[in-house]
Amino acid sequence: MKIASVIVDVPAKQTDRAFDYLIPTEWLETIQPGMRVIVPFGPRKIQGFVTEIKADSEFKKLREIIEPMDLEPVLNRELLDLGNWLTINTLCFKIYAYQAMLPAALKAKYEKKVKLSTGVKLNQLPAQLQEVFKNQEAIQWDDALENGLVPILQREAAKGLLEVLYIVKEKLKKKKLKYVIPLLSSGDLETASNGLPQKAEKQKEVLKYFVEHSDPVELRQLLSHLNISSSTVKALVEKGFIAEQDMEVYRDPYEKRTFTRTEPLLLTEDQQRAMVPILGSIENKRHEVFLLYGVTGSGKTEIYLQTIQDVIEKGKEAIVLVPEIALTPQMVNRFKGRFGNLVAVLHSGLSAGEKYDEWRKIQRKEVKVVVGARSAIFAPFENLGIIIIDEEHETSYKQEEMPRYHARDVAIERARNNNCPVVLGSATPALESFARAQKGVYTLLSLPNRMNKRALPAVEIVDMREELRAGNRSMFSRKLFDLLKERIERKEQSVLFLNKRGHSSFVMCRDCGYVMNCPNCDISLTYHKVKDQMKCHYCGFESWVPNQCPECASDYIRYFGTGTQKVEEELGKILPEAKVIRMDVDTTGQKGAHERLLKEFHEGKADILLGTQMIAKGLDFPNITLVGVLSADTMLHLPDFRSSEKTFQLLTQVSGRAGRHELPGEVIIQTYTPEHYSIELAGTQDFDRFYHREMMMRKAHHYPPFYYLSLITISHEELMTVVSATEKIAAFVRSRLSNHAVVLGPAASPIPRINNRYRYHCLIKYKREPELNKTLKAILDQYQSDPKSGLLVSIDVNPFILM
DNA sequence: AGCACGCCGACT
DNA sequence: GTCGGCGTGCTC
């Protein structure tokens, strides 16, 4: 057993397979599957993942592994297999699958340098290079490239005077602090202290400290605590009484916060009824998927907490997925409050180092629960007892880059491997999930009542066309204005929600209607306040804001503020006495700003919280009695078959923010299409009726959950080339699938050009096509192995965004 | 993805 | 003759 199969860190079609390496004798005991290693690959050194250890190889001329990068595997057996599963199901390279499972800090960084070969004297080099190597042993390849030194360096390297170095680096170091530990027992330390010269007072003090405390202590703390300098410590180290040691410490983002310990709450009858089957599944180690369908405020979180409690008592572990946007301090508090430091938290707000440290806690089995966004589904637990996905309908569970996985699918796969249940929780389940529950594929658990038996807030839908007819041209209906005024007088709080889409900040000429578009992409440029520039979201193109219209030279060209900004201005005019907190990308940019603003609002420092998507979730403050949705239908008209579903979910979600506590709540939804069923039914919070209406639509148009989708997107610099390639691909797919499948296309992508590349796509709708995966793989194989055609093909199995 | 190797045209 | 352009194919 001295050969390792390694997946190398080269994302390409031709290297998407295992390469075999000899394990050097000194590492025979160390190297195991799941470890990262440094291997020679051609002339370079690169990172790789060991997937298997075996006795022999087909390949004759094996090279040796250079060294392991880990002391213990970073991927366990289950995750290695899961990586394989991901590769097959999302059609991605194996290396992408493995990298997606690890914190970014573990991704390798490569350096290429040139140095003088050993034994070579400086004066053997040409004068120009002598100058370069006079002050440094090695130079960075990139620097040489910039200074045009590469040809001459290569010439000397060919003669053997210079050597090219390839270095694989860890992106991030473990954070280490210097600690001091006593090397003798406290009795011996006392003796040692007595043996010191009289005048070594400081040293005696240190030893006295260790007589009293035998635990390691951080050097810095010791120095300041005893008011001594490091030379004192050094002297004692030299005498062999104590030692300095580097110890790994965690960057704990929640270090400074204290969590109030909470106890399990008494469950309502509904909650108990819902919990029994989950506990049964845990008890019998049975894989089962539960859909926990409960209105907002019905106490889903308490069920999560108590089932996790049970899992922990059985010595197992739990993963809780929460949408990124809902990973608020409130949410974290609930878990940390119940399980203390048995909880690790993973979300994008953490620095790379903090994320790595939280991950290390999981890997070292120091925690039992991980609460995190999408990628937390890959937490390296070995004995999973439950996986919970809160707000399971959230689109952020789908990753849009490779590997294009949906956390729900991965969760079910992992739970199957671990024989444990999955709980999908939502007040507005995804249609796919609810349909599966109806069919009995998932077990449906309902929580139809709010915990406090409080009625859902009264929702009123306001027709903005009526307002316009009545001469009200403001963005606030008279009703909403009256209610806002009333809240301010009653010292209650309101939340105003603005659907960002459709209100993005673009520049438009008021005279001719000219909109500033990106020259490379067919999409309008977005105004960025911070830099006072126009920027393209897709290719990064930047431009100054014109003060004259380039089309008609009108001066009446202006940008339409970020929506929220505009609303804030208008609020200032009509309700000058109101204190407003605005939350959007602009005001929550800095770290901690999000939390700070919410805290201010919670403390009653403002009357109105105005914001975008980000305030739709998790907000749970007792004093909120009014929620206003300024324009409910902005996302309804997007070219997306899920737009009705998303609108319904969002409106229901937002409505749930009002009247969660003592005071009753009211909701105003402003819209131009009050007759649309997703708005009308969100008004009555009637998921069941919405479900039936929407299912009819989906059935009629052959969309999920009746059909599965796969989307092939093809791009090229030349329009004609894309069209013909897409035609060819569509024809190929048609020829390989049954006639139950529907193959749409070629059609221009909703964003027809990005970064000067035209984009066409082909949408496949199907029910059961055993040949599909092979067909798609074949398409990728052909186009990925032929990069010179300039065609880029990307495939998304079960896409969420059809763009 | 890099990188070497190899074959062709343009230059000292 | 040789330098350097990029097309081709390989990396255990």
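Chain letters run A, B, ... following the sequence lines, proteins first, then strands; residues in each count from 1.
Taking atom NZ on K112(A) and atom P on dA1(B), their separation rounds to 17 Å, with Å as the unit. Distance Q47(A) CD to dA1(B) P: 17 Å, rounded to the nearest Å.
Of all heavy-atom pairs spanning V37(A) and I31(A), the tightest one is CG1-CD1, 4.2 Å. Counting all heavy atoms, side chain and backbone alike, C518(A) lies closest to R753(A) at O-NH2, 4.1 Å.
A salt bridge between D20(A) and K54(A) is present, with a side-chain N of the basic residue lying under 4.0 Å from a carboxylate O of the acidic one. Between D357(A) and K361(A) there is no salt bridge, since no side-chain nitrogen of the basic residue lies less than 4.0 Å from a carboxylate oxygen of the acidic one. A salt bridge between K113(A) and E137(A) is absent, with no side-chain N of the basic residue lying under 4.0 Å from a carboxylate O of the acidic one. Between D786(A) and K788(A) there is a salt bridge, with a side-chain nitrogen of the basic residue lying less than 4.0 Å from a carboxylate oxygen of the acidic one.
Relative to the ring axis of F19(A), R17(A) places its NZ or CZ within 45° and under 6.0 Å from the centre.
In this structure, F93(A) reaches neither bases nor backbone, as no heavy-atom distance under 4.0 Å exists between it and the strands shown.
Residues from residues 144-154 of chain A that place a heavy atom under 4.0 Å from any atom of DNA chain C: there are none.
Listed by first and then second residue, the ring-ring contact (aromatic ring centres under 6.0 Å, His included) pairs involving residues 66-119 of chain A are F49(A)-Y98(A), F93(A)-Y96(A) (not counting sequence neighbours).
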Nucleotide by nucleotide, nucleotides 5-12 of chain C touches protein heavy atoms under 4.0 Å in the pattern (B base, S sugar-phosphate only, - none) ---S-BBB

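A close approach under 4.0 Å does not occur between any side-chain nitrogen or oxygen of Y110(A) and OP1 or OP2 of dG2(B).
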